[in-house]
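Taking it in order: structure first as structure tokens, then the write-up.
Please read these numbers as outputs of a predicted model, since none were measured by experiment. Below, chain A is the first sequence line, B the second, and so on; all start at residue 1.
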Amino acid sequence: VKSGNNEFLEPSFFASFCSPPRIKDEPDDDGFYASPKEDSKPLKRPREDDDFLLILQDSKAKKAKNKDKKVPEADKRKKPKKEEEQKWKWWEEERYPEGIKWKFLEHKGPVFAPPYEPLPENVKFYYDGKVMKLSTKAEEVATFFAKMLDHEYTTKEIFRKNFFKDWRKEMTSEEKSTITNLSKCDFTHMSQYFKAQTEARKQMSKEEKQKIKEENERLLKEYGYCVMDNHKERIANFKIEPPGLFRGRGNHPKMGMLKRRIMPEDIIINCSKDSKIPPPPPGHKWKEVRHDNKVTWLVSWTENIQGSIKYIMLNPSSRIKGEKDWQKYETARRLKKCVDKIRNQYREDWKSKEMKVRQRAVALYFIDKLALRAGNEKEEGETADTVGCCSLRVEHIKLHPELDGQEYVVEFDFLGKDSIRYYNKVPVEKRVFKNLQLFMENKQPEDDLFDRLNTSILNKHLQDLMEGLTAKVFRTYNASITLQQQLKELTNPDDNIPAKILSYNRANRAVAILCNHQRAPPKTFEKSMMNLQSKIDAKKEQLADARRELKSAKADAKVRRDEKSKKTVESKKKAVQRIEEQLMKLEVQATDREENKQIALGTSKLNYLDPRISVAWCKKWGIPIEKIYNKTQREKFAWAIDMAEEDYEF
DNA sequence: GCGAGAACTTAGAAGCAGTATC
DNA sequence: GATACTGCTTCTAAGTTCTCGC
């Protein structure tokens, strides 16, 4: 830990880093939001170091007080709400000076992958048709392949080549000299064994399943939490990644390589000096124990595929993640205040004499209009060939002076993050089109479209336009503003709750489409759609029957004119209404599902949409928040749920 | 000012568990 | 009680941005 950083001791320094202000739809007089850092509104409450202890003592005292009281049934039901109320509202407290992430951190260290259990004697591996007993090391790696046998990966040449190369490194010299051809290896018996095991796990008795569940809960209780500044916080990934075969996305040159087993000797522990330092497993040592409170991670290690560092960090519901998330949306809101100015600026820059400035301006236009990612340069041969805005190549776009009745159309076709295809035909302004023609002049398809630009140049420029502005802020801003606009446009005040939720999902979908969040259509999609359709058909029949019954009840009542038949009519009416509602619900569900076939809503909901927009919408229309956010999401967005009122404006 | 490495966010797929349906 | 289905959780890869040392 670096010490002696005297600027942190200045009182003014502390004062300038409070939580972002609660912004309640304030009139914009200056045209800019004050950044959380600049605006030092009086703090609600300073951060108390002993908050956690207070909470514990408080709840203990309450428990003692209530011990002998008989709790009425109604109160018992209210209990969860009370518990929720007790949750720590970090968003009402002062924030640490920038750079300081915590003052006290204690945790139990990571949970390692279970050791390899050799296969039973009767499970055979065959080479060239003959049984072959493998050494433990070679067998373990073989099981990784056997477990993936049904996956498309194992048919890919690169995967097989990488696997075989790494597998051979684990073999004894004898094995190495025998096993020379992967195609002669027969893993099917091993594969069948694992399938049978999976099946057996499914068939376990309730008691056995319960035992496993309890063991997992114990592990979570012991290792799944840490104490950070006197608050118990949930850890996101306390288990070390087990060994296996690397599954890169898309056409990854390293797919199939062996991800080696991580040992305590690979692990760096980060915690407070004065905390109880987690002991390494018996007979082992940690690589290092450090006490760096300028970072948020608890544990780190270096993986062997790309040589990158992996971390154990806190759950999204934690203060440390929540604060950062909140800050992200505040930055996006500041962009809202100056986006017009920035847009005018890049339009001007399309005319610049400097090629670099023109390229920067066109790239920024794409990032803004199409929500493209920045697009860092990548080392060739290390990862799949994917691009973002700055790394687009000539081969990724086609220019159409006219297409389908539209002028100046740019056709994008490239693989983005996770090798997800981005395909879009976009009419652009004439100047953009002409600039693109210029950028493409005398270039080969594999040449960079923006040869004078990279993400560093672009972000430096953005920093000059607005403090804290980077390329990705545009994605956050455009996603959130789109949600807000779409909700305003699509919500029909007369609709019932399911119809309003459909509108919400459609607004969410508009964002997911903008951000190109795709998913593989679920394997059971067609079937589940058919099931739903048959439910709808059945419901329609039921409705027809109910209507017929109502009609005859009405006729009957007309003749009899007595109370009993009147009542029958009323109850038949109600039945019709109920079935109509049920039918409508099913139809809405079918529409929603169909429209969602290849679109993933989760990513935008979790990472791009200011949760306060959704919370405000729910409050405005009386939609229970549970209909929009599940439990985990509510935990992540607790700050937003607590602070946003129905008049919140992004 | 630059490049490499570190830190942290964003991403889709797989696995799992709870619920609906027969 | 078995099976099918669905939504949630977990996993970890793949991005972006920040930081540090030269």
Quiz item: For DNA chain C, what residues of residues 255-267 of chain A have any heavy atom nearer than 4.0 Å?
Solution: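 Result for residues 255-267 of chain A: A:K259, sorted by number.
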Across the strands shown, which category fits [X] at heavy-atom distances under 4.0 angstrom: base, sugar-phosphate, nothing?
X: A:P242; value: sugar-phosphate
X: A:R421; value: nothing
X: A:D325; value: nothing
X: A:G375; value: sugar-phosphate

Can you name the residues that form a ring-ring contact (aromatic ring centres under 6.0 Å, His included) with [X], not counting sequence neighbours?
X: A:F474; result: none
X: A:H107; result: none
X: A:H151; result: A:Y153

Quiz item: Of A:S604 and A:S456, whose nearest nucleotide on DNA chain B comes first from the 5' end?
Solution: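 The residue closer to the strand's 5' end, by nearest nucleotide, is A:S456.
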Practice problem: Would you kindly compare A:R475 and A:G307 by the position of their nearest DNA chain B nucleotide and give the one closer to the 5′ end? | Solution: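 Its nucleotide being nearer the 5' end, the pick is A:G307.
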Practice problem: Output the single nucleotide from B:dG12, C:dT17, B:dC8 whose closest atom is nearest the side chain of A:V295. | Solution: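 Nearest to the side chain of A:V295 among the choices is B:dC8.
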Self-check item: Listed nucleotide nearest any side-chain atom of A:T470, set C:dG15, B:dA6, C:dC18
Solution: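 The answer is C:dC18, which lies nearest to the side chain.
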Taking only residues two or more places apart in sequence or in another chain, which ones pass side chain to side chain contact (heavy atoms under 4.5 Å, CB included) with [X]?
X: A:T302; value: A:I309
X: A:N216; value: A:I212
X: A:K209; value: A:M204

Quiz prompt | Check: A:F238 ring centre within less than 6.0 Å of A:Y223 ring centre | solution =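 Distance test on ring centres: not under 6.0 Å, no.
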Should [X] be listed as having a side-chain N or O under 4.0 Å from OP1 or OP2 of [N]?
X: A:Y608; N: B:dT9; value: no
X: A:S308; N: B:dG5; value: no
X: A:K321; N: B:dC8; value: no
X: A:K328; N: B:dT10; value: yes
X: A:H151; N: B:dA14; value: yes
X: A:K631; N: C:dT9; value: no
X: A:N376; N: C:dG15; value: no
X: A:N454; N: B:dC2; value: no
X: A:K472; N: B:dT10; value: yes
X: A:N607; N: B:dT9; value: no
X: A:H252; N: C:dA14; value: yes
X: A:R373; N: C:dA14; value: no

Self-check item: Under 3.5 Å side-chain donor-acceptor pair for A:Q210 and A:E214
Solution: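 Result is yes, a qualifying pair exists.
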Quiz item: Do A:S614 and A:Y504 have a side chain donor and acceptor closer than 3.5 Å?
Solution: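 Side chains of A:S614 and A:Y504: pair found under 3.5 Å.
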Quiz item: Of all residues at least two apart in sequence or in a different chain, which pass the side-chain hydrogen bond (donor to acceptor under 3.5 Å, both in side chains) check with A:E152?
Solution: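 With sequence neighbours excluded, A:E152 shows a side-chain hydrogen bond (donor to acceptor under 3.5 Å, both in side chains) to no residue whatsoever.
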Practice problem: Go through the structure and list residues passing side-chain hydrogen bond (donor to acceptor under 3.5 Å, both in side chains) with A:E233, not counting sequence neighbours. | Solution: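 Here no residue qualifies.
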Self-check item: For DNA chain B, the residues among residues 296-306 of chain A that have a non-hydrogen atom under 4.0 Å from it
Solution: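 Residues of residues 296-306 of chain A under 4.0 Å from DNA chain B: A:T296, A:W297.
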Exercise. Assign each of A:R249 and A:A471 to its nearest nucleotide of DNA chain C by heavy atoms, then name whichever residue's nucleotide is nearer the 5' end.
Key: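 Closer to the 5' end of DNA chain C: A:R249.
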Quiz item: Under 30°, 30 to 60°, or over 60°: which ring-plane class applies to A:W286 and A:F112, parallel, tilted or perpendicular?
Solution: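 Rings of A:W286 and A:F112: parallel, under 30°.
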Quiz prompt | Polar pair under 3.5 Å, donor/acceptor by atom type, side chain A:K417, base B:dT10 | solution =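 Such a pair exists between side chain and base.
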Tabulated below should be each protein N or O lying under 3.5 Å from an N or O of nucleotides 15-19 of chain B; please produce it.
| residue | atom | partner | partner atom | Å |
| --- | --- | --- | --- | --- |
| B:dG18 | OP1 | A:K213 | NZ | 3.4 |

Exercise. Any salt bridge (Lys or Arg N to Asp or Glu O under 4.0 Å) involving residues 247-267 of chain A? Give me the pairs, sequence neighbours left out, ordered by first then second residue.
Key: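 For residues 247-267 of chain A: A:E140-A:R261, A:E241-A:K259, A:R249-A:D418, A:K254-A:E382, A:R260-A:D266.
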